[in-house]
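Written below as structure tokens is the structure these notes are about.
Nothing here was measured: the structure is a model prediction, and the numbers come from that model. Sequence lines set the chain letters: A, B, ... in the order given, protein chains first and strands last, and positions in each chain run from 1. These values consider heavy atoms only, across backbone and side chains, with no hydrogens, waters or symmetry-generated copies.
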2 protein chains.
Amino acid sequence: MASIKDVAAAAGVSVATVSRVLNDHPSVSADARTRVRAAVEALGYRPNAVARSLRTHETRTLGLVISDVLNPYFAHLARSVEEEARALGYSVIIGNADERPDLQDHHVRTLLDRRIDGLLVSPTDGGSPLMLDAARAGTPMVFVDRWIAGVDVPVVRADGRAAVHDLVAHLYALGHRRLAIIAGPAATTTGSERVEAFRVAMGEYGLPLPDAYIGQGDFQAESGRRATERFLDLAEPPEVVFAADNLMALGALDAIRARGLRIPDDIALAAFDDIPWFVHTDPPITAIAQPTAELGRAAVHALVDRVEGRPPESVTLPARLVVRRSCGEPPVAQAPTAQPSPLQRSKS
Amino acid sequence: MASIKDVAAAAGVSVATVSRVLNDHPSVSADARTRVRAAVEALGYRPNAVARSLRTHETRTLGLVISDVLNPYFAHLARSVEEEARALGYSVIIGNADERPDLQDHHVRTLLDRRIDGLLVSPTDGGSPLMLDAARAGTPMVFVDRWIAGVDVPVVRADGRAAVHDLVAHLYALGHRRLAIIAGPAATTTGSERVEAFRVAMGEYGLPLPDAYIGQGDFQAESGRRATERFLDLAEPPEVVFAADNLMALGALDAIRARGLRIPDDIALAAFDDIPWFVHTDPPITAIAQPTAELGRAAVHALVDRVEGRPPESVTLPARLVVRRSCGEPPVAQAPTAQPSPLQRSKS
DNA sequence: GCAGGCCGTGGAATCGATTACACGGCCGAC
DNA sequence: GTCGGCCGTGTAATCGATTCCACGGCCTGC
């Protein structure tokens, strides 16, 4: 592969001049400029980003460590992050932690070794020493979706409390009193916050949240299935299961279906995170929708601000309740038209 | 951030010795070795992958350019690719082409500039000059899922012909005669092959495939919706719609639902690519499942073989039909237990 | 006792870019 | 006419690693 030296030789100039042309430096004669451009064209030359990064100490690359690419929410987030980063002239390297702290550390380490300019993380756990050290050492970093308390890192996330409150109100209005939740891992903020918001909202309606109605999940489908089976085995099973993410809701569906129960007649189901498929499940699932694309964009902006020396800003956006039919009769005022799926809306 | 020089100074040895310790070179005294390791620990030193790559001309990184991360099939593929690559000591950088040739080129260019060791591509179009040049110039490359004819690049893919034949047989047995297909872009192999397999299979049953029953889609949900609406507007609409990927099936569902039609009574639906959600749609959707994880693994192996100087092998794996209820009454022999969703099966 | 080889080590070249600095030529100002 | 400054250009240092080569010391074999 041709190097800058080959281009210099072909154009009859020094490598310095070639470099100047490549970087649009003003003090190059028009003549030299055209000769260099011609040589670049003729040789099919492309600058070596590795060499450039070594010299300039910047890679124009951001790292994104997410918990699970198979989760449509994170896939959507990753896509929006890449899009926005590209618009700002950055590339993105995605690390999939698969909800495993060791894998998360692996990716963080690899990304740091590559000297990415900044790191976007949705932490799987309470924060490994590696990540905390990196943050303290001054690696530009922004938390997205989930975060770690006590670290001076901006956070971009959705606040679901109002939406969870709306959900409980909706369930209460439909006559449900025994509500259960499948929580995410307590080590993640989203894992504990959603339970907390749920508990608070239920408290406002005077409803108890017994321990037996709190299932422990790990944001994966299988855990949603197990937690739901446990609920259904109780002497007094809940009337509603609220899954703290969409994959656990999928597992809950599996479990409910395996018992031959009907939704919402035998048991109601709701989920955190809205995805296109929820429109077409049997029945369509009531969910709390996050402004996923906006979160991705805001996170990139915060990180790039930090990377380029501007003060970064934490951002919190509201989530909102999307009522469908999985919790009972739809509200009387519902429009007769089909509700478009969130995926398609986001494309318009 | 500490460099190898700092480590050398701290350990009282030369950089050459530090490098030897780091790379487990045998001829270093035990004493020097421990001093270097101590210095590495004390300084929290991590080798700079950028500098290393510049010197060694290898990045231990593979590029993966896929058409759409939001498509669960590709997300699954990406995950399996990353997993296998990690096991072999490689990182993966994913580029999401979003079915746009210009974006695909952008990612290929960026990846080549970064001097990745090899490239895994699922081409969006018939092959841009950029990609063809790269292949000819000797960049280690493997096509996965889709490919481009006339280029000497190994291909790892699924053969859906037998499964499509099984699908047509299934539909025929259920009494359906007017079958329509929503095709992918003709420029992609999967776009044209699936139509071709469908046409051949129908021919074997003496069924015609009029042009009006071939909808043109682009593997995105919105195009599936439009194609389906056009089918439903025909004087004689088809009895079955077969979507060539899962997102177009989602769009088809949207369209069918918007008209208030019932599946499978009013119209039947089947899809290429099986995903977990198809188990829980209303009704569960009959689909052709690809061995996605195996494809990812095989693709990585082929590419790494090529990168490391071994002869790479093309691989073709069979897809298979998964019958559910979206095309009509389930076969009498169906087991009463719920069918597990493919996502969960893949985790076991 | 001496030659040859091995072992551990350091010096220095190298990868491919960027950029500070120096230098020659030419211009305009005085 | 001379001098200062600017413009275009090239030389060389530099980024942080790897690795070839040379060198000194010691062991072994004859």
*Touch check for Val13(A), heavy atoms < 4.0 angstrom, all strands: base, sugar-phosphate only, or nothing?*
sugar-phosphate

_Just verifying a value: how many Å separate Leu130(B) CG and His107(B) NE2, rounded to the nearest 0.5 Å?_
12.5 Å

*For the helix from dG1(C)-dC30(D) to dC30(C)-dG1(D), measure the angle between the helix axis at one end and the axis at the other, each built from five pairs, rounding to 10°.*
50°

*asked:* Ignoring hydrogens, what is the shortest heavy-atom contact between Thr17(B) and Ala32(B)? Give both atom names and the distance.
replied: CG2-CB, 4.3 Å

_So Ser27(A), base contact, sugar-phosphate only, or nothing? Heavy-atom distance under 4.0 Å._
base

_Sidechain N-carboxylate O distance under 4.0 Å for Arg79(B), Asp98(A)_ = yes

_For a 4.0 angstrom threshold against heavy atoms of chain A, report the outermost contacting nucleotides of DNA chain D in 5' to 3' order._
dG8(D) to dG16(D)

*Which residue pairs satisfy the salt bridge (charged side-chain N to carboxylate O under 4.0 Å, His left out) criterion with at least one member in residues 7-34 of chain B, sequence neighbours excluded?*
Asp31(B)-Arg35(B)

*Determine the contact category for Ala32(B): base if any of its heavy atoms lies under 4.0 Å from a base atom, sugar-phosphate if only primed atoms, P, OP1 or OP2 are that close, otherwise nothing.*
sugar-phosphate

_Arg86(B) bridged to Glu82(B) by N-O distance under 4.0 Å_ = yes

Interface polar pairs with nucleotides 18-21 of chain C, N/O, under 3.5 angstrom:
residue: dT18(C); atom: OP1; partner: Asn23(A); partner atom: OD1; Å: 3.4
residue: dT18(C); atom: OP1; partner: Asn23(A); partner atom: ND2; Å: 3.2
residue: dT18(C); atom: OP1; partner: Arg52(A); partner atom: NH1; Å: 2.9
residue: dT18(C); atom: OP2; partner: Ser19(A); partner atom: OG; Å: 2.5
residue: dT18(C); atom: OP2; partner: Asn23(A); partner atom: ND2; Å: 3.3
residue: dT18(C); atom: O2; partner: Arg55(A); partner atom: NH1; Å: 2.5

*With sequence neighbours left out, which residue pairs that include part of residues 46-55 of chain A fulfil the salt bridge (charged side-chain N to carboxylate O under 4.0 Å, His left out) condition?*
Arg46(A)-Asp113(B)

*Main-chain N/O of Lys5(A) paired to Ser3(A) side chain as donor or acceptor, under 3.5 Å*: yes

_Whole-Å gap separating P (dG10(C)) and NE2 (His25(B))_ = 13 Å

_Check: Thr190(A) side chain, Thr188(A) main-chain N or O, donor-acceptor pair, under 3.5 Å_ = no

*Quick one: on DNA chain C, does Val28(B) or Leu54(B) contact a more 5' nucleotide (nearest heavy atom)?*
Val28(B)

*Provide, to the nearest angstrom, the distance between the CD atom belonging to Glu58(A) and the C1' atom belonging to dA17(C).*
13 Å

*Taking atom CD of Glu313(A) as the centre, report whether more than 12 heavy atoms of other residues, nucleotides or ligands fall under 6.0 Å from it.*
no

_With sequence neighbours excluded, residues passing side-chain hydrogen bond (donor to acceptor under 3.5 Å, both in side chains) with Thr61(A)_ = Arg114(B)

*Between Tyr73(A) and Asp68(A), is any side-chain donor less than 3.5 angstrom from a side-chain acceptor?*
no

